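Take a look at the structure below.
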Protein chains: 2
Amino acid sequence: MTGQVRTVDGRVAGRRGQATRQKLLDCLSEMLSSSPYRDVKVIDVARKAGTSPATFYQYFPDVEGAVLEIAEQMAAEGAGLTDVLAKRSWVGKSGWQAAQELVDGFLDFWRKNDAILRVVDLGAAEGDKRFYKIRMKILNSVTNSLTDTVKELQSKGKVDKDVSAAAMAGSLVAMLAAVASHQKGFQSWGVKQAELKPNLALLVHLGITGKKPTK
Amino acid sequence: MTGQVRTVDGRVAGRRGQATRQKLLDCLSEMLSSSPYRDVKVIDVARKAGTSPATFYQYFPDVEGAVLEIAEQMAAEGAGLTDVLAKRSWVGKSGWQAAQELVDGFLDFWRKNDAILRVVDLGAAEGDKRFYKIRMKILNSVTNSLTDTVKELQSKGKVDKDVSAAAMAGSLVAMLAAVASHQKGFQSWGVKQAELKPNLALLVHLGITGKKPTK
DNA sequence: TACTTGTCCTGTCATGCCGTCAGCTTACCG
DNA sequence: CGGTAAGCTGACGGCATGACAGGACAAGTA
């Protein structure tokens, strides 16, 4: 899939090299969780990995490059977010359940990868196409799936034709991503997870079907 | 209100000093729009302002500190976001209009201040309480207003009691903020502003009232 | 064992930014 | 005109960056 792992100067990395490379990625990942993105320095990552800055630059052009690598790995994992939605009916109780599971899956995934996702989000918002692409990769499976659902419901006459399926799906996904990345904020503001989830599910259901769920 | 503007070492800033300070803030602001947050250096800001790095450190402890200052200024401005909502009825056509105007105001405000808001969002997501507070300051007026609306509708029996007003309002506001900060993303993905806005308004209306709008 | 080859890592260096300080200049006031 | 405080900067030690050459190491060959 990735073909071959290569160093910056073009050599192919062997067993040992790949291990070092991965260790650097892991340490960077950890670092991103514990300190602000702006303050993450190559030298700290290298020290944490028990190696030297020069080694880091052998495998990655800069911190951004390494972050992109981590994000790619995560994106592959995140493709599974959409499994929940496959072949789901959005009519009746089944729809309410689909909405709930989508919300659950999303929040979990985000909580697990919040540090990287933060950086990816920033990069995308700043207009960096590489980050933007990865963000798409993660969100697209869900967005596309939801878009299809809306279109299908529209063709059956169950949803107004003047709804833009893509815009609706995109907005809902953006909402999920935003709420997920500010989960802590909600909590310290007095909103509990237990309240948050059903409300998000309700909004998703309302947005997709245009109707209140039958619970 | 702010009392007196002071330098880092305690002196009070006079006319000239305040002008320099403001110029630094303006240049920083511009810089944030044109290059990634991670790459904004004090020396560049100072150069752009026609002064020296030492001067920067006279007025701000670091880049973050200056960003907070800009964000404060913006937050004051952003308090006006809620004007649109004051004394609005969410019943009938008026509700649909309120939703539309809210979305309009939000997207405009975000587009105007996207660079700072990006950084504030990042800081908040990273758990920095100072950034989190400012984010609240900007969003709270809207969130609270929406929360009140939902509660009012609940007391009149027009909205289900099991909806958490705060969670719903918070989710909607988070959605608006997220979509706003990825406006460019939506566009390059094939979703036009003209489609986006009504869909967001629809979602807001659905979330607040639980019903489709009468247009 | 000695030699070769290619991978892997680091010491070192020039460069550039950070953050601080002493000290110079400028403005204001009696 | 002299005093005082504001305003600014040159210069410096410290540290991160990013490049390079060369040493360490493993594996294969004879």
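Per chain, numbering begins at 1; letters A, B, ... match sequence-line order. Everything quoted here is computed from the prediction, not taken from an experiment.
Under the rule for a ring-ring contact (aromatic ring centres under 6.0 Å, His included), A/Trp96 has no partner lying at least two apart in sequence or in another chain. Residues forming a side-chain hydrogen bond (donor to acceptor under 3.5 Å, both in side chains) with A/Ser145 (at least two apart in sequence, or on another chain): none. Considering only residues two or more places apart in sequence or on other chains, B/Thr51 meets the side-chain hydrogen bond (donor to acceptor under 3.5 Å, both in side chains) condition with B/Thr55.
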Using atom types as modelled, flag every donor-acceptor pair under 3.5 Å from a side chain in residues 59-67 of chain A to any protein atom, sequence neighbours excluded.
unit_1  : atom_1 : unit_2   : atom_2 : d
A/Asp62 : OD1    : A/Glu64  : N      : 3.4
A/Asp62 : OD1    : A/Gly65  : N      : 2.8
A/Glu64 : OE1    : A/Arg130 : NH2    : 2.7

Can you give the donor-acceptor pairs under 3.5 Å from side chains of residues 36-48 of chain A to other protein atoms, not counting sequence neighbours?
unit_1  : atom_1 : unit_2  : atom_2 : d
A/Arg38 : NE     : B/Tyr37 : O      : 3.2
A/Arg38 : NH2    : B/Val40 : O      : 2.3

Ignoring hydrogens and angles, write down the donor-acceptor pairs under 3.5 Å from the side chains of residues 170-178 of chain A, residues two or more places apart or on other chains.
unit_1   : atom_1 : unit_2   : atom_2 : d
A/Ser171 : OG     : A/Ala167 : O      : 2.7

Can you give the donor-acceptor pairs under 3.5 Å from side chains of residues 195-203 of chain B to other protein atoms, not counting sequence neighbours?
unit_1   : atom_1 : unit_2   : atom_2 : d
B/Glu195 : OE1    : B/Lys192 : N      : 3.3
B/Lys197 : NZ     : B/Asp104 : OD1    : 3.1
B/Asn199 : ND2    : B/Glu195 : O      : 2.8

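Considering all non-hydrogen atoms of both residues, B/Gln154 and B/Ala165 come closest at OE1-CB, 4.4 Å.
The interatomic distance linking A/Gln58 (CD) with C/dT7 (P) rounds to 11 Å, in whole Å.
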(message) Output one letter per nucleotide in nucleotides 16-21 of chain C: B when a protein non-hydrogen atom lies under 4.0 Å from the base, S when only the sugar-phosphate is that close, - when neither is.
(response) -SSBBB
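Nucleotides of DNA chain D nearest to B/Phe56 and B/Arg11 differ in position, and the one nearer the 5' end is that of B/Arg11.
Taken residue by residue, residues 20-31 of chain B places heavy atoms nearer than 4.0 Å to DNA chain D at B/Thr20.
Sorted by first then second residue, the side-chain hydrogen bond (donor to acceptor under 3.5 Å, both in side chains) pairs that include residues 25-36 of chain A, not counting sequence neighbours, are A/Gln22-A/Asp26. Within the structure, salt bridge (Lys or Arg N to Asp or Glu O under 4.0 Å) contacts touching residues 106-120 of chain A (residues at least two apart or in different chains) are A/Asp108-A/Arg111, A/Asp114-A/Arg118.
Nucleic acid contact for B/Tyr59: sugar-phosphate only, since backbone atoms but no base atoms lie under 4.0 Å from a heavy atom of the residue. Across all strands shown, B/Arg6 has no heavy atoms under 4.0 Å from either base or sugar-phosphate atoms. Across all strands shown, A/Thr7 has no heavy atoms under 4.0 Å from either base or sugar-phosphate atoms.
Bracketed by its first and final contacts, the part of DNA chain D lying under 4.0 Å from non-hydrogen atoms of chain B reaches from D/dA6 to D/dG10 in 5' to 3' order.
Rounding to the nearest 0.5 Å gives a distance of 5.5 Å between CG of B/Leu139 and OG1 of B/Thr143.
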